[in-house]
Amino acid sequence: MGLTIKQNEDVNEVQLRELISICHEENSLLNLLKSTRLILTVSAHVNNQLVGIIIVWTSSFHPFCMYFRILSHPFYRGWNIEHKLLSELKTLNISTYPFQTSIWETAIHLKTLFETNDFYEIRRTYMPNINVQEIKKLAPFNIKKDKLNITTLHELIKNRELMDKLLHLIRFIYEQTHICNPVAKMDLDEWENILLNDDVILDGSYICLSWDSKDILAYSFLHESNKDTSLELGWCGCKNKQDKKLLQSLVLKQVVFAAEQGFQFIEGEFDTTDEYAMELLNSFPFEPSPTWITYQSAAQ
């Protein structure tokens, strides 16, 4: 019973689905095998059974790195499959850009693998929930009396000048929080398409304006979720760092919106590289959850 390593072999979809399931990975990895973004696969087999795989792909949004995910069957851990797959990947001259991957903090075997193979942590991402009914009852003040000039994204898109200011601010903050993995250069129309086509909820996404309604002070977007009971927080930010507390007011309004729409939870996604997202994480009693750690190699 020997181990064989193969590059770009046809992958048995049933076996890959089983491997994804036992590794608690996302089924979206299956779609990559049929995507034009796929660069290569390196698979490991024992008696024609798929026991490990590396999938490598690119992103048009973040084109300056090579994304990959490594999976191995937990019952074959003693075979050092992850190390052999990673070693195979590192010998391939496929790009001058760094490799990047993410794992749950509970995947200790992968954490050890990357940290002993010249990968370094670039950020951590927290993805906890808040119970909207509980937060609505415990809110420290009556949101309806909160004296701020707040509008919805639904209303703001009717004002071209303000919408452009919002998009400039979104782009600037996003670029600043992704310095280790730069975003593609895009004009405002492209950023607007990304924002409005990302399941954003126009009436549940809030923007705080200056009192003369001529400038953007803060924003927080709300999105649909693939869970019937939840909505998701999206991008957030402020024009001035001293106004970060405005974000709490915007999210409290989103809590009320979600509760009135019959949802139980709002899901967050907070990167340690994003001071505005971290402000929100520190401002609400989110439920405990494991952390998503992103690693990157040095450029080749």
Side-chain angles (χ1 to χ4, degrees), residues 3-46 48-62 65-90 92 94 98-117 119 121-129 181 199 223 225-227 230 232 267-271 288-297:
L3 179 71
T4 59
I5 306 290
K6 303 176 182 178
Q7 287 185 33
N8 292 324
E9 291 285 328
D10 288 337
V11 179
N12 184 303
E13 186 172 322
V14 173
Q15 292 184 10
L16 178 56
R17 192 180 296 274
E18 292 173 351
L19 187 61
I20 287 172
S21 177
I22 201 169
C23 293
H24 302 288
E25 273 286 357
E26 302 166 346
N27 281 325
S28 58
L29 290 176
L30 288 167
N31 299 330
L32 286 170
L33 298 183
K34 303 172 184 177
S35 170
T36 57
R37 295 183 290 132
L38 179 70
I39 299 300
L40 64 85
T41 62
V42 182
S43 54
H45 299 79
V46 174
N48 295 319
Q49 177 67 38
L50 182 68
V51 294
I53 192 170
I54 282 184
I55 303 173
V56 185
W57 72 96
T58 59
S59 165
S60 58
F61 194 38
H62 288 277
C65 76
M66 304 289 287
Y67 290 88
F68 76 96
R69 196 78 85 240
I70 184 170
L71 294 77
S72 70
H73 198 294
F75 293 164
Y76 289 84
R77 290 275 157 78
W79 293 54
N80 291 323
I81 291 171
E82 302 104 325
H83 179 78
K84 292 173 182 177
L85 289 172
L86 187 61
S87 296
E88 184 78 12
L89 178 63
K90 292 173 73 173
L92 302 176
I94 59 175
F99 289 113
Q100 181 170 309
T101 191
S102 299
I103 63 170
W104 291 110
E105 63 178 338
T106 50
I108 302 301
H109 61 292
L110 290 176
K111 189 173 188 293
T112 301
L113 174 71
F114 296 133
E115 292 179 355
T116 56
N117 280 275
F119 282 79
E121 181 181 321
I122 62 170
R123 68 170 174 268
R124 296 192 173 211
T125 304
Y126 303 94
M127 291 180 274
N129 294 331
N181 183 13
D199 296 321
H223 299 258
S225 168
N226 56 11
K227 301 175 184 176
S230 302
E232 296 179 358
E267 304 170 357
E269 185 171 324
F270 308 115
D271 291 339
S289 68
T291 305
W292 189 241
I293 306 176
T294 298
Y295 289 97
Q296 194 175 94
S297 70

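Using a 4.0 Å cut-off between a side-chain N of Lys or Arg and a carboxylate O of Asp or Glu, Lys227 and Glu232 do not qualify as a salt bridge.
Counting all heavy atoms, side chain and backbone alike, Pro128 lies closest to Tyr126 at CD-C, 3.3 Å. Shortest non-hydrogen contact noted between Val51 and Leu19 is O-CD1, 4.1 Å. Residues Ser230 and Ser225 come closest through the heavy atom pair O-CB, 3.2 Å. Contact between His62 and Asn181 at its shortest, heavy atoms only, is ND1-O, 2.8 Å. Here the shortest heavy-atom pairing between Ser72 and Cys23 reads O-SG, 3.3 Å.
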Original post:
Given Gln100 and Ile122, is the side-chain contact (heavy atoms from CB on, under 4.5 Å) satisfied, shown in steps?
Top reply: CA-CA 9 Å; Gln100 181 170 309; Ile122 62 170; 3.6 Å; yes
**OP:** Decide yes or no on side-chain contact (heavy atoms from CB on, under 4.5 Å) for Phe119 and Leu86, but give the supporting numbers first.
**Re:** CA-CA 11 Å; Phe119 282 79; Leu86 187 61; 4.1 Å; yes
Subject >> Leu33/Leu16 under side-chain contact (heavy atoms from CB on, under 4.5 Å): CA gap, chis, key distance, verdict >> reply: CA-CA 10 Å; Leu33 298 183; Leu16 178 56; 3.2 Å; yes
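With rounding to the nearest 0.5 Å, the separation of CE in Met66 from CG in Leu89 is 8.5 Å. To the nearest 0.5 Å, atom CH2 of residue Trp104 and atom NE2 of residue His24 are 12.0 Å apart. The distance from atom OH of Tyr67 to atom OG1 of Thr58, rounded to the nearest 0.5 Å, is 9.5 Å. Here the CH2 atom belonging to Trp57 is positioned 4.5 Å from the CZ atom belonging to Arg69, to the nearest 0.5 angstrom. Once rounded to the nearest 0.5 Å, the distance linking CG of Leu85 with CD1 of Ile70 reads 5.0 Å. Here the OG1-CD1 distance, from Thr41 to Ile55, works out to 7.5 Å after rounding to the nearest 0.5 Å.
With a 4.5 Å cut-off on side-chain heavy atoms, Glu26 and Ile20 do not count as touching. With contacts defined as side-chain heavy-atom distances shorter than 4.5 Å, the pair Ile94/Phe99 qualifies.
Within a 6.0 Å radius of NE2 in His223, more than 12 heavy atoms belonging to other residues, nucleotides or ligands are found.
A side-chain contact (heavy atoms from CB on, under 4.5 Å) with Arg17 holds for exactly one of Leu29, Leu50, Leu30; it is Leu30.
Listed for the Thr116 side chain is a donor-acceptor partner under 3.5 Å among the backbone atoms of Thr112. Of the possible polar contacts, none joining the Lys111 side chain to the Ile103 backbone as a donor-acceptor pair under 3.5 Å is found. When atom types are taken as modelled, the side chain of Asn12 and the backbone of Gln15 share a donor-acceptor pair closer than 3.5 angstrom. Distance alone, capped at 3.5 Å, is enough to place a donor-acceptor pair between the Thr101 side chain and the Phe68 backbone.
Remark: the Asn117 side chain and the Tyr295 side chain contain no N/O donor-acceptor pair separated by less than 3.5 Å.
Classified by interplanar angle (parallel below 30°, tilted 30° to 60°, perpendicular above 60°), the ring pair Tyr76/His73 is perpendicular.
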